[in-house]
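Since this is a predicted model, take the numbers as computed values, not measurements. In what follows, every chain begins at residue 1, and chains take the letters A, B, ... in the order their sequences are listed.
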Amino acid sequence: MFTYLLRRLGVAVLVALTVSLITFSMIYLSGDPAVALAGEAATEEDIESIRTYYGYDRPILVQYGDWLFKALQGDFGQSHYLKQPVALVIFERLPTTMMLGLCALVFALVLSIPLGVLAAIRPNSLIDRTALTIAVIGQAMPSFWFALTLMLWLGIIWRLLPITGSDSWANFVMPSIALGYYITPAAMRLTRAGMLEVLSADYIRTARAKGLRPVTVLFKHALRNAILPVISLAAVQFGFMLGGSIVIETIFAINGLGFLAWESIQRADLPMMQAIVLVLSVFYILLTLLADMLNAWLDPRIRVA
Amino acid sequence: MATRSLPTANEILEPSPAALLRRRVFGHAGLIIGTAVLVIIILMALLAPWISPHDPYDQVLDRKLIPPIWFDSPKVTTEHLLGTDQLGRDYLSRLFWGARISLLIGFSAMLISGLIGTAIGVIAGYFGGRVDMIANFIITTRLSMPVVLVAIAVVSLVGSSLTVVIWVLGLLIWDRFAVVMRSATMQVRSLDFVTAAEATGCSTARIVLTEILPNIMNHLIVVATIEMAHAILLEAALSFLGLGVQPPEPSWGLMVSEAKGMMFFDGWLIAIPGAALFLLVLSINLMGDGVRDVTAPDGRN
């Protein structure tokens with residue numbers, strides 16, 4: 001168990017370092033970052049002074065080492081646009097995005113697990129077919145279009161929910177649905193497949209033969225085992241959702257990390273963009289690490305192999 | 001003279017594999033419907049220059065926001081079946097031309113990512129060991145970077161154009177190809193006919209190309225449909241955020257974006273391109289699911 005954890009941790013650190021290198025070199029895609037920052041009307045001297053001011057004149061590896069060393073201490077430099085420390089701004093916006101991601105995850109699981117269980121109890125029934133149809137439709141719907149449609153019906157025509165902002169809980173309902181529906185199909189299919197497999201296992205037959213109530217067999221014996229892969233899927237998808245929240249946050253004007261990322265990209269605020277990509281990537285790496293450890297703890301077959 | 005035994009009644013009644021496949025294909029409603037819708041959209045895209053009633057870029061400012069034909073409004077005219085947008089451009093023509101952008105980006109990005117992902121996956125699955133470890137590391141690294149965020153950041157830094165969007169998406173979404181091709185190759189590699197080919201002295205390239213690839217082709221096709229749909233949705237999202245295809249190109253995602261200011265008064269402006277995207281992605285997904293069901297050796301229904 002210990003060697004497995006250590007090896008897994010080592011891989012996670014290596015992946016994080018590689019991602020940081022890619023993220024850092026991203027700013028050189030546009031050519032010279034100093035020219036990009038200076039804007040169109042800048043003179044040669046302006047560009048030169050910007051280059052020295054932000055340290056773009058040093059060798060790239062030195063810049064990277066310096067950036068990484070400071071980033072490890074929680075210092076991502078100054079935002080070019082807001083003139084505030086990047087870390088501070090990100091720290092302010094992160095809770096909103098986390099909150100949105102969690103609400104979306106809860107929505108997705110509350111919808112998909114019961115549907116998946118019902119579909120598995122009666123394969124090929126009306127419920128199974130309905131669940132499958134929802135999954136197929138959900139996978140094909142563009143998220144921004146779904147979000148706008150929700151906004152139009154729930155916000156404008158029926159006037160049930162506020163359409164923009166992030167002040168009250170009601171502001172989070174539509175964005176959570178729009179963000180969460182995207183992982184519903186996968187979670188539902190996984191629950192269904194897991195339940196189908198577990199329900200045909202011998203120990204379920206034993207439990208039934210003992211005369212246990214069907215509900216007890218279903219929830220205490222079957223669902224507990226079938227839910228494992230769904231939990232690790234949920235952890236991984238949570239990471240994907242934080243990255244994908246940029247579309248939803250922009251539409252609903254929610255003041256989170258995604259909206260900040262979009263604003264920073266519009267303003268060519270390079271340190272901010274780098275930091276957001278890095279923070280979200282590292283967060284995803286931590287989530288998958290957590291999911292793997294949880295799986296290893298719950299399933300001895302993984303940690304021995 | 002050797003006598004050949006006559007086929008038994010059972011052998012005659014047993015349909016040939018080709019006939020069985022044909023029966024499965026035509027018995028699969030999803031596959032048929034998906035393929036039919038996709039063919040219609042492809043035809044729309046190919047024939048756009050001839051079937052479009054107007055030029056998709058022509059702005060007629062005194063003909064702004066005419067609703068589609070089924071609306072009860074004095075402005076409705078048969079000249080603009082799906083109405084006109086906020087700049088007086090014919091919506092039906094823009095829809096036809098937009099199909100070209102979606103299909104072109106979806107197909108090209110799928111091709112690029114398919115080449116990268118299949119190469120990584122097959123190499124990792126065939127050689128195993130250290131090579132597999134390195135491939136796994138590359139896949140994990142790619143997965144940990146948020147696609148939408150990285151894509152719009154790169155597009156904004158490089159400058160957006162159709163080619164840039166295709167390359168950025170192609171270089172980003174190869175992960176599923178790699179993961180699926182890796183495990184499929186591993187399965188096929190342990191089968192007897194691969195061992196036999198190795199024993200007869202076939203080169204690695206020959207084994208991979210003639211023994212392994214044909215046998216993982218069905219997985220490849222299924223992933224290709226998923227990733228083509230994925231690329232189309234991503235392009236639409238990028239264009240919607242203003243960092244994909246640029247105006248005045250008639251990208252469906254961009255059409256939704258341009259209309260969102262007016263959606264509270266003219267909801268059809270976002271409903272039409274959105275529905276087109278939905279139908280396109282749905283048809284590709286249905287086709288992929290169908291191919292998977294029809295070619296899977298077990299669990300056919």
**Request:** Given side-chain contact (heavy atoms from CB on, under 4.5 Å), test Ile137(A) with Phe278(B) step by step and report yes or no.
**Result:** CA-CA 8 Å; Ile137(A) 289 175; Phe278(B) 171 71; 3.8 Å; yes
**Message:** Per the salt bridge (Lys or Arg N to Asp or Glu O under 4.0 Å) rule, what does the pair list look like for residues 134-163 of chain B, sequence neighbours excluded?
**Reply:**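 Residue pairs passing salt bridge (Lys or Arg N to Asp or Glu O under 4.0 Å), neighbours aside: Arg142(B)-Asp175(B).
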Do other residues, nucleotides or ligands put more than 12 heavy atoms under 6.0 Å from the [atom1] atom of [X]?
| X | atom1 | answer |
| --- | --- | --- |
| Arg267(A) | CZ | yes |
| Gln266(A) | CD | yes |
| Phe238(A) | CZ | yes |
| Tyr81(A) | OH | no |

Using a 4.5 Å cut-off on heavy atoms from C-beta on, say whether the side chain of [Y] contacts that of [X].
| X | Y | value |
| --- | --- | --- |
| Phe144(A) | Ile270(B) | no |
| Ile251(A) | Lys260(B) | no |
| Asn136(B) | Val11(A) | no |
| Asn285(B) | Val136(A) | no |
| Leu157(B) | Met273(A) | yes |

Rounded distance (nearest 0.5 Å) linking atom [atom1] of [X] with atom [atom2] of [Y]:
| X | Y | atom1 | atom2 | result |
| --- | --- | --- | --- | --- |
| Trp145(A) | Trp252(B) | CH2 | CH2 | 12.0 Å |
| Asp289(B) | Leu132(A) | CG | CG | 8.0 Å |
| Ile284(B) | Gln139(A) | CD1 | CD | 13.0 Å |

Return a table of donor-acceptor pairs under 3.5 angstrom between the side chains of residues 235-242 of chain B and protein atoms on other chains or two or more places apart.
| residue | atom | partner | partner atom | Å |
| --- | --- | --- | --- | --- |
| Glu235(B) | OE2 | Ser239(B) | OG | 2.7 |
| Glu235(B) | OE2 | Ser251(B) | OG | 2.8 |
| Ser239(B) | OG | Glu235(B) | O | 3.0 |
| Ser239(B) | OG | Val245(B) | N | 3.1 |

Over all atoms of both residues, closest heavy-atom pair of [X] and [Y]:
| X | Y | value |
| --- | --- | --- |
| Val15(A) | Thr141(B) | CG1-CA, 3.8 Å |
| Pro146(B) | Val277(A) | CD-O, 4.5 Å |
| Ala261(A) | Leu149(B) | CB-CD1, 3.4 Å |

**Message:** Between Met141(A) and Leu277(B), does the side-chain contact (heavy atoms from CB on, under 4.5 Å) criterion hold? Intermediate values first, please.
**Reply:** CA-CA 8 Å; Met141(A) 198 114 72; Leu277(B) 270 170; over 6 Å; no
**Message:** Using heavy-atom distances under 4.5 Å, tell me whether Ala153(B) contacts chain A through its side chain, its backbone, both, or neither.
**Reply:**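 Contact with chain A is through both the backbone and side chain of Ala153(B).
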**Message:** Need one label for Leu286(B): side chain, backbone, both or neither, based on atoms under 4.5 Å from any heavy atom in chain A.
**Reply:**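 Just its side chain gets close to chain A.
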Return the option, out of [options], with the maximum number of heavy-atom pairs under 4.5 Å with chain B.
| options | result |
| --- | --- |
| Leu280(A), Leu14(A), Ile285(A), Leu278(A) | Leu14(A) |
| Thr23(A), Val282(A), Val236(A), Ile22(A) | Ile22(A) |
| Leu148(A), Thr149(A), Ile276(A), Val247(A) | Leu148(A) |

**Under 4.5 Å from any heavy atom of chain B - which part of Leu242(A)** =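 For Leu242(A), there is no contact with chain B at all, as no heavy atom is under 4.5 Å.
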**Item:** Among the listed options Pro273(B), Ala271(B), Gly30(B), the residue most often paired with chain A at heavy-atom distances under 4.5 Å
**Value:** Ala271(B)
**Message:** Counting heavy-atom pairs closer than 4.5 Å to chain A, which one of Thr140(B), Leu282(B), Leu143(B) comes out on top?
**Reply:** Leu143(B)
**Request:** Ignoring hydrogens and angles, tell me if any N or O in the side chain of Ser144(B) forms a donor-acceptor pair with the backbone of Ser281(A) under 3.5 Å.
**Result:**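 Side chain of Ser144(B) to backbone of Ser281(A): no pair is present.
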